Amino acid sequence: MWKYFGVFLNVATVLLGGSIGLFLRRRKAKPKAASSSLPEREKLTDSMMACLGLCTIFAGASGLVGIESGVQALITVASLVAGYLIGWLLRLDDRVNLLGDRVVARFGGGDGQNSPAEGFVTACMLFCIGSMTVLGSFESAANPAGSLQLDCHTTLLIKSLMDFVSSTCLAATYGVSVLLSAGFVLLMEGALVFLAAAVQPFLESIGALPVIDCVGALILMAIAMNLLGIRKLKTVDYLPALFLPIFICWVLARCGLTI
């Protein structure tokens with residue numbers, strides 16, 4: 001059950017953030033106070049995302065320490081480069097974004113208003129379609145039975161904070177339908193954790209877990225660059241790199257090589 005801690009927390013933050021957004025939506029507009037000598041503050045959402053970007057860098061840096069051999073480092077580099085090339089050739093990031101745009105257009109209001117259906121679909125796409133969802137679910141699956149290990153849920157913890165901020169803003173715009181997306185988050189991330197846990201023994205037997213963790217940490221670094229506005233990277237294109245170490249380590253294990 002502890003494998004799903006990050007999933008449950010993510011669902012809770014979506015519900016909490018959405019509830020706060022509903023409260024803000026229902027508040028009557030108050031007259032602005034007289035301007036002071038202080039400059040206008042930066043938007044809270046922008047500041048929070050930058051703060052979460054720093055936290056993501058820390059989480060990614062801490063995940064780089066699992067590599068114990070030069071072979072593992074070589075597999076990590078090869079997987080990241082080849083995985084990105086596959087994602088670039090398939091245009092995964094562009095296709096995911098196009099899918100999101102089409103679904104929102106299909107279920108949106110179409111009259112220029114913020115419809116509940118559009119809010120629900122937008123929230124589902126934002127919370128569930130992305131590299132952090134896949135990466136976080138695989139990390140959470142590594143939590144051993146019987147005890148909670150927070151370091152196995154680092155990515156989903158950071159994602160939960162991000163979704164908290166996002167759900168607050170979305171609910172303030174679209175209303176209660178954003179809260180319904182929490183059910184989709186539960187189903188999507190729960191299924192990914194279940195599948196990842198099922199293949200966990202096989203990954204341990206071929207020694208692929210340290211390499212997968214390191215590749216995931218590098219993808220987190222790319223996500224952090226996006227959050228900090230350093231450079232816009234198409235992080236979904238990197239997702240194939242998470243799975244290439246499985247194939248490479250399996251081939252090496254079949255050849256009797258130790259990594």
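Quantities reported herein were computed from a predicted structural model and do not represent experimental measurements.
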Inter- and intrachain pairs under salt bridge (Lys or Arg N to Asp or Glu O under 4.0 Å), touching residues 179-199, at least two apart: Lys159-Glu189
Any donor-acceptor pair under 3.5 Å from Thr168 side chain to Gly17 backbone: yes
His153 (side chain) donor-acceptor with Gly136 (main chain) under 3.5 angstrom: no
Phe23 atom CZ: more than 12 heavy-atom contacts under 6.0 Å: no
Interatomic distance, Thr235 atom OG1 to Tyr84 atom OH [nearest 0.5 angstrom]: 10.5 Å
Approximate separation, where rounding is to 0.5 Å, of Tyr238 OH and Leu220 CG: 13.0 Å
Reported OG-to-CZ distance for the pair Ser140 and Phe8, which is rounded to 0.5 angstrom: 11.0 Å
Pairwise distance CG(Leu126) to CG(Asp163) - rounded to 0.5 angstrom: 6.5 Å
Hydrophobic cluster identity match, Val7 and Met1, side-chain contacts under 4.5 Å: yes
In one Ile/Leu/Val/Met/Phe/Trp/Tyr side-chain cluster, 4.5 Å: Val134, Leu187: no
CG-CG distance between Leu80 and Leu85, expressed to the nearest 0.5 angstrom: 11.5 Å
Connected via hydrophobic side-chain network under 4.5 Å: Leu90 and Ile219: yes
Shortest non-hydrogen contact from Val176 toward Leu22: N-CD2, 3.4 Å
Sidechain-backbone polar pair: Asp94 side chain, Leu98 backbone, donor-acceptor under 3.5 Å: no
Minimal non-hydrogen separation, Ala182 against Val14, with atom names: CB-CG1, 4.1 Å
Ser160 backbone acceptor or donor facing Thr13 side chain under 3.5 Å: yes
Separation between CE of Met132 and CE of Met162, rounded to the nearest 0.5 Å: 5.0 Å
Donor-acceptor under 3.5 Å (Thr173 side chain, Cys169 main chain): yes
